[in-house]
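Worksheet: the structure to be examined is printed underneath.
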Amino acid sequence: MTTVTESMGLTAEQVQRALQRAVLAPSVHNTQPWLFRVLPDRIEIHADLSRQLPAADPDGRELRISVGAVATTLGLALEDERLRPVATIRPKDSSRAEVVIRGAGHAPLPEAQSPLVRAIAQRHTNRRPFLDTIVPVEQRRMLTRAAQQDLCWLEELREPARRAQLRDIIKNAHRHQQEDSAYLAEWSKWTGRLNVTTDGVPLRVAGPTPQGQDLWVLRDFGQSEFTEREVPRVEGKDFESEPLILVLATHTDGPAAQVRAGMALQRVLLTATSLGLASSFISQPIEVPAQHAALQRLLGGGLRPQAVLRVGFGSPVAASPRRAIELSLMDPAAMPTSL
């Protein structure tokens, strides 16, 4: 089995520590579809094609977004090890990596990054109902600025007419997926797990079963053919009626833009966590092509939607499991593949 080695002037222990924090990044269905290639002068992040979701994510958009999220997290973790990282997205070389991180000298952790580093271990996807409490304007602005650091845009849908259109887009996408047997089989494989695992979405982090009174269609991560796997709805604890819905978008599309979107996504999520906010994903309109196109038309202005977020004030939730670092390490001499 491949083990962690020294890299960029950091000891193997420092690299190990940084990687262990990096993999706390979010990923589609908690598939953790990334591989690390640790070399003396750099760390490469590759897509793990064996963990791609062919039904939900056939073109690899969400896989690349997941890789981008882990790249941001690794960069912050390396900064906490006093290394100044420089990330290159999909370099035009023989590495075939999605992201390559090199060191640009050693320096103390920038003060502005400290809250984000602390938030790495605190951030968990929260699929439970949030409070019907409005997120302050200044906090919304901070989330927008976080996305802009990675040249992305965070669109807040405020107008009732646009929100109604978005609800219809989500409902149509959800209905499409519920009628797709391949999608449902894949969904069942990765979610609602009872046993202790190192990936996927276990039942203990699932939200309550959605019901007809909910205005926004959220996924049922506890649904199963076995009734004992369902997470019961707590009486009176309905989902919030007017959640803060944010669409993360890029100005271009394609593999590099999708990786960059993932980098921005994690910065937004960590910023939200540092502000005491909870977040979860509404991914159906990203995964269904016709509804993805409808969402793009709704945004307008040439924006390309990459992720839809629900943000608000929620209760503490458990963390999803993570695989051992050794399972995500590439042999430095291995021939890389690309998506």
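Being a predicted model, the structure only gives us computed values, none of them experimental.
- Residues meeting the side-chain hydrogen bond (donor to acceptor under 3.5 Å, both in side chains) test with Asp199, sequence neighbours left out: Arg51, Arg193.
- A donor atom on one side chain and an acceptor atom on the other are not found under 3.5 Å apart for Arg127 and Ser280.
- Formation of a donor-acceptor pair under 3.5 Å by the His251 side chain with backbone atoms of Gly302 is not found in this model.
- Between Ser27 and Val70 there is no side-chain heavy-atom pair separated by less than 4.5 Å.
- By the side-chain contact (heavy atoms from CB on, under 4.5 Å) test, Ala319 is found to be paired with His124, residues two or more places apart in sequence or in another chain being considered.
- Shown are Val4, Ile325, Val15; of these, the side-chain contact (heavy atoms from CB on, under 4.5 Å) with Gln20 is made only by Ile325.
- For the side-chain contact (heavy atoms from CB on, under 4.5 Å) test, residues two or more places apart in sequence or in another chain that qualify with Pro91 are Thr88, Asp93, Ser95, Val100.
- Residues satisfying the side-chain contact (heavy atoms from CB on, under 4.5 Å) test with Gln149, not counting sequence neighbours, are Arg267.
- One hydrophobic cluster, built from ILVMFWY side chains closer than 4.5 Å, cannot hold both Val317 and Val135; they sit in different ones.
- Side-chain atoms of Asn30 and Gln32 include a donor-acceptor pair closer than 3.5 Å.
- Counting only distance, with no hydrogens or angles, the side chain of Arg64 and the backbone of Gly262 share no donor-acceptor pair below 3.5 Å.
- Cluster partners of Ile134: none. The rule joins Ile, Leu, Val, Met, Phe, Trp and Tyr whenever side-chain heavy atoms lie under 4.5 Å apart, and it links nothing here.
- Between the side chain of Gln291 and the main chain of Ala173, no donor-acceptor pair closer than 3.5 Å is present.
- At least one donor-acceptor pair closer than 3.5 Å links the side chain of Asp331 to the backbone N or O of Ala333.
- Judged by distance alone, the side chain of Arg82 and the main-chain N or O of His106 form no donor-acceptor pair under 3.5 Å.
- For the side-chain hydrogen bond (donor to acceptor under 3.5 Å, both in side chains) with Glu98, the lone residue among His46, Arg90, Gln258 that qualifies is Arg90.
- For Arg175, the side-chain hydrogen bond (donor to acceptor under 3.5 Å, both in side chains) partners are Asn172, not counting sequence neighbours.
- Proximity of a side-chain donor or acceptor of Arg123 to a complementary backbone N or O of Ala121 within less than 3.5 Å is not detected.
- Under a 3.5 Å cut-off, the side chain of Asn126 and the backbone N or O of Ala278 do not form any donor-acceptor pair.
- By the 4.5 Å side-chain criterion applied to Ile, Leu, Val, Met, Phe, Trp and Tyr, Val117 is assigned to a cluster that also includes Leu24, Leu76, Leu109, Leu116, Ile120, Leu270.
- In terms of modelled atom types and a separation under 3.5 Å, the side chain of Thr198 and the main chain of Arg323 share no donor-acceptor contact.
- Scanning for side-chain hydrogen bond (donor to acceptor under 3.5 Å, both in side chains) contacts around Arg158 gives Glu156, with sequence neighbours left out.
- For Arg162, the side-chain contact (heavy atoms from CB on, under 4.5 Å) partners at least two apart in sequence or on another chain are Glu155, Leu157, Glu159, Leu298, Leu299.
- Under the side-chain hydrogen bond (donor to acceptor under 3.5 Å, both in side chains) criterion, Thr250 pairs with Gln306, sequence neighbours left out.
- Atoms CG and CH2, from Leu74 and Trp34 in turn, are 11.0 Å apart once rounded to the nearest 0.5 Å.
- With hydrogens and angles ignored, the 3.5 Å screen pairs no side-chain donor or acceptor of Ser283 with any backbone N or O of Ile286.
- Here Val28 is tied into one hydrophobic group with Leu53, Trp190, each link being a pair of ILVMFWY side chains closer than 4.5 Å.
- Partners of Glu81 by salt bridge (charged side-chain N to carboxylate O under 4.0 Å, His left out), not counting sequence neighbours, listed by chain and number: Arg17.
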